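Reading through the structure tokens given below for one structure.
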Amino acid sequence: IPESGHKYYLQFSTEDYRTGEDAGSCLATVLYPKKKSPPVVSIKCSHTKDKKEIQEEDNRLYQRIRHQTKPITGNNIPDSYGNIEPALEPVWALAVAGSSFIMWKKSTETLGYFLAQVKAVKQWMRKDDFTEFDYTVLLHEIPTQEIISCHMRLTWLPGHPLKVKHLCASESHGMDEASGAESGSAAGASAENGAHF
């Protein structure tokens with residue numbers, strides 16, 4: 001698109017990251033602006049699970065986190081053999097959702113990212129119902145093969161947008177903040193710049 005950038009039309013299927021089961025299909029448009037900024041994404045998905053089933057899964061995940069008697073902490077998730085301790089699966093699930101915002105924000109037409117590992121995670125105990133975690137995540141940059149370290153603070157309550165603040169080692173500006181536009185996941189995240197811990 002002259003003066004704007006390149007626009008792509010995509011059709012793709014999705015799968016449950018844990019089970020590998022079909023999770024639905026999506027149609028999307030992605031515009032990479034000429035100026036350096038995150039891609040503009042418009043997406044519509046049909047899900048194989050209904051909203052009630054998704055909410056029930058979110059609530060099960062939330063209850064596993066809330067029933068801990070002491071703050072959850074962990075390192076190197078998954079380990080060098082690709083294993084994740086069952087007790088750490090909820091924090092890994094949140095890391096996948098939260099880091100997806102960082103990857104969307106940092107991606108360009110020529111660079112993409114994958115969550116390689118949660119280097120460290122620590123839960124903050126709150127007096128309200130929200131769950132809050134500090135993460136250090138390692139993102140694998142494609143095609144450079146570099147590993148990028150990012151600090152991420154994630155706040156979540158089922159039925160509310162996932163809130164993500166992050167700062168990556170390669171970035172010199174302030175903390176970026178985002179909130180998901182839909183409950184339960186990082187889907188439809190929008191950015192608000194300049195937020196700090």
Side-chain angles (χ1 to χ4, degrees), residues 7-31 38-68 72 74 77-78 82-107 112-118 121 123-133 135 137 139 152-166 176-192:
K7 191 171 191 176
Y8 296 85
Y9 296 86
L10 305 163
Q11 181 175 359
F12 58 93
S13 58
T14 60
E15 65 179 34
D16 186 301
Y17 83 95
R18 288 179 302 118
T19 64
E21 293 174 2
D22 176 33
S25 59
C26 300
L27 294 170
T29 59
V30 180
L31 171 67
V40 179
V41 179
S42 174
I43 187 165
K44 290 195 185 316
C45 296
S46 63
H47 301 287
T48 55
K49 295 178 181 173
D50 63 24
K51 278 198 170 184
K52 187 177 179 192
E53 195 175 350
I54 293 169
Q55 287 170 346
E56 287 171 358
E57 285 186 4
D58 282 350
N59 283 326
R60 280 195 293 274
L61 181 70
Y62 176 75
Q63 292 304 326
R64 281 184 66 185
I65 294 169
R66 290 297 286 185
H67 282 95
Q68 301 291 326
I72 300 170
I77 309 165
N83 299 317
I84 299 173
E85 290 178 40
L88 295 175
E89 283 176 2
V91 292
W92 170 254
L94 288 175
V96 169
S99 64
S100 68
F101 170 75
I102 303 172
M103 293 184 274
W104 164 74
K105 186 143 175 94
K106 290 179 69 60
S107 291
Y113 298 87
F114 294 95
L115 175 60
Q117 188 179 51
V118 171
V121 60
Q123 182 181 13
W124 292 97
M125 301 308 277
R126 294 173 56 121
K127 299 209 183 301
D128 61 14
D129 291 333
F130 283 82
T131 60
E132 186 169 0
F133 292 89
Y135 286 92
V137 295
L139 303 182
M152 174 172 74
R153 179 165 291 174
L154 186 147
T155 310
W156 178 62
L157 177 66
H160 292 72
L162 185 71
K163 291 189 178 178
V164 178
K165 294 181 183 180
H166 76 281
D176 288 330
E177 179 176 9
S179 292
E182 297 174 15
S183 61
S185 74
S190 61
E192 295 174 22

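On a predicted model such as this, the values are computed, not experimentally measured, just so you know.
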Side chains of [X] and [Y] in contact at under 4.5 Å (non-hydrogen atoms):
| X | Y | value |
| --- | --- | --- |
| V30 | K7 | no |
| R153 | H166 | no |
| E85 | L88 | yes |
| F130 | K163 | no |
| Y113 | I102 | no |
| V121 | I77 | yes |
| P39 | Y8 | no |
| W156 | Y62 | yes |

- prompt: Just how far is it from atom CD of Q68 to atom CE of M125, taken to the nearest 0.5 Å?
  reply: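 Taking CD in Q68 and CE in M125, the distance rounds to 8.5 Å.
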Of the non-hydrogen atoms in [X] and [Y], which two are nearest, and what is the gap between them?
| X | Y | result |
| --- | --- | --- |
| V91 | Y135 | O-OH, 2.6 Å |
| S107 | G112 | OG-CA, 4.1 Å |
| L115 | M103 | N-SD, 3.7 Å |
| G98 | L154 | CA-CD1, 3.7 Å |
| A97 | L162 | CB-CD2, 3.8 Å |
| T14 | D22 | O-OD1, 3.4 Å |

Applying ring-ring contact (aromatic ring centres under 6.0 Å, His included), can you list everything that pairs with F114, at least two apart in sequence or on another chain?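 Once residues adjacent in sequence are excluded, F114 has no partner under the ring-ring contact (aromatic ring centres under 6.0 Å, His included) criterion.
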Next on the checklist: For S25 and S46, which I'm curious about, is there any donor-acceptor pair between the side chains at under 3.5 Å?
Outcome noted: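 Short answer, yes.
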Show, in sequence, the C-alpha distance, side-chain angles and deciding distance for L61 and E89, and conclude whether the side chain to side chain contact (heavy atoms under 4.5 Å, CB included) test is met.
CA-CA 9 Å; L61 181 70; E89 283 176 2; over 6 Å; no
